[in-house]
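Shown next, in structure tokens, is the structure this report addresses.
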Amino acid sequence: MEGNLKEKTIKIIFKSSLDYLPLISQASRTICSSLVNDGWILYQLELCLVEAISNIIIHAYKNKNNKEIELVLILNPNSIVFKLYDSGAKYSYQEKTVAAEENQDIASFSESGRGLLIMKKFMDDVKTIEEDGKNVIILKKLINKKNEIDDSLEC
Amino acid sequence: MELETRKENEILYVKPLGKRIDASNSTFFKGALVDFIVQGENRIILNLGSVEFIDSSGLGSIITILKTISTSKGSFALCEVNPMIMNLFSVTRVDKVLSITSDEIQARKIILQNGGELEGKNH
């Protein structure tokens with residue numbers, strides 16, 4: 001049998017409507033929970049997926065809800081990968097500058113634009129490519145004992 | 001998204017009853033709270049006890065609410081925030097500008113300490 005027997009790939013195709021967001025993210029969280037027990041890690045995974053999907057719907061598809069998004073979840077014993085495909089407009093992820101927010105002045109806090117910051121903070125690798133004419137964002141998180149300890153929840 | 005509200009001693013208590021504030025409902029959430037402020041509510045406690053998940057749009061909505069109420073010289077506090085959401089607030093540094101307490105009693109103390117002018121009322 002070819003390939004890594006422990007790797008599992010699940011593909012979900014859904015409409016580009018924000019109404020699907022809770023359903024897709026919760027389904028993905030449930031899938032990820034087959035590998036991850038830590039609630040905080042699961043939150044990070046779900047959050048990053050939500051950020052990526054929201055960006056596609058809002059920026060690539062300009063809130064048109066009749067388009068298609070393909071989510072591929074790749075589960076390995078040591079990593080979880082989300083690949084999201086869309087055929088919308090190309091858009092660049094603008095990294096949010098946080099310098100202005102470090103002065104703790106509410107007036108300097110912006111009301112949007114944290115998606116990439118969040119994805120880069122919580123995922124071990126974030127990249128965007130083009131594949132077969134589609135935009136692809138790839139989010140990868142390493143899942144191992146050390147990673148879970150480092151990211152452990154601090155109350 | 002359903003919001004539970006009540007008014008006690010000139011403080012408006014708002015509690016979202018859903019488990020999520022994300023891009024699918026954050027616009028509604030933000031609009032509802034801003035409407036309260038526009039209608040004259042400038043002492044608001046937001047109880048997030050039922051909320052288990054917030055994304056960046058939910059975060060942005062809370063910032064908008066804080067900015068709006070600050071403009072009207074009001075006071076705003078959060079309470080019963082899930083530890084994971086607290087972690088998100090910390091990572092994004094939003095916790096530096098939000099008043100966050102463990103429960104509504106503590107939030108009320110913060111609101112009263114911070115003042116918040118009562119429109120149309122004599123002190």
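In this structure, the separation between CE on B:M84 and CG on A:L47 is 12.0 Å, given to the nearest 0.5 Å. In this structure, OG on B:S24 lies 12.0 Å from CD1 on A:I24, to the nearest 0.5 angstrom. From A:L21, atom CG reaches atom CZ of B:F53 across 7.5 Å, with rounding to the nearest 0.5 Å. With rounding to the nearest 0.5 angstrom, the CD1 atom of B:I63 is 7.5 Å from the CD atom of A:E111. To the nearest 0.5 Å, atoms CG (B:D55) and OG (A:S25) are separated by 9.0 Å.
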Legend entry - Worked verdict on B:R20 versus A:E46 for side chain to side chain contact (heavy atoms under 4.5 Å, CB included): CA-CA 12 Å; B:R20 308 173 64 91; A:E46 184 177 357; 2.6 Å; yes
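Within the 4.5 angstrom heavy-atom criterion, only side-chain atoms of A:I118, from C-beta onward, approach chain B. Residue contact with chain A, scored on non-hydrogen atoms closer than 4.5 Å, is absent for B:I62. For A:S17, no part lies under 4.5 angstrom from a heavy atom of chain B.
Chosen from B:L88, B:T71, B:L59, the residue pairing most often with chain A at heavy-atom distances under 4.5 Å is B:L88.
Grouping the Ile, Leu, Val, Met, Phe, Trp and Tyr side chains by contacts below 4.5 angstrom, directly or via other members, places B:V94 with B:V91. Residues A:I56 and A:V81 are members of separate hydrophobic clusters, defined by side-chain heavy-atom contacts under 4.5 angstrom among Ile, Leu, Val, Met, Phe, Trp and Tyr. B:L17 and B:L48 are not part of a single hydrophobic cluster, where members link through side-chain heavy atoms under 4.5 Å apart. Follow the hydrophobic side-chain contacts under 4.5 Å out from A:Y85 and you never reach A:I69; the two are in separate clusters. Residues A:L42 and B:M86 are members of one and the same hydrophobic cluster, defined by side-chain heavy-atom contacts under 4.5 angstrom among Ile, Leu, Val, Met, Phe, Trp and Tyr.
A donor-acceptor contact shorter than 3.5 Å links the side chain of A:E51 to the backbone of B:S56.
Within a 6.0 Å sphere centred on CD1 of A:I129, other residues, nucleotides and ligands contribute more than 12 heavy atoms. Annotation: B:R108, atom CZ; neighbour count of heavy atoms from other residues, nucleotides and ligands within 6.0 Å does not exceed 12. Atom NZ of B:K67 has more than 12 neighbouring heavy atoms from other residues, nucleotides or ligands inside a 6.0 Å radius.
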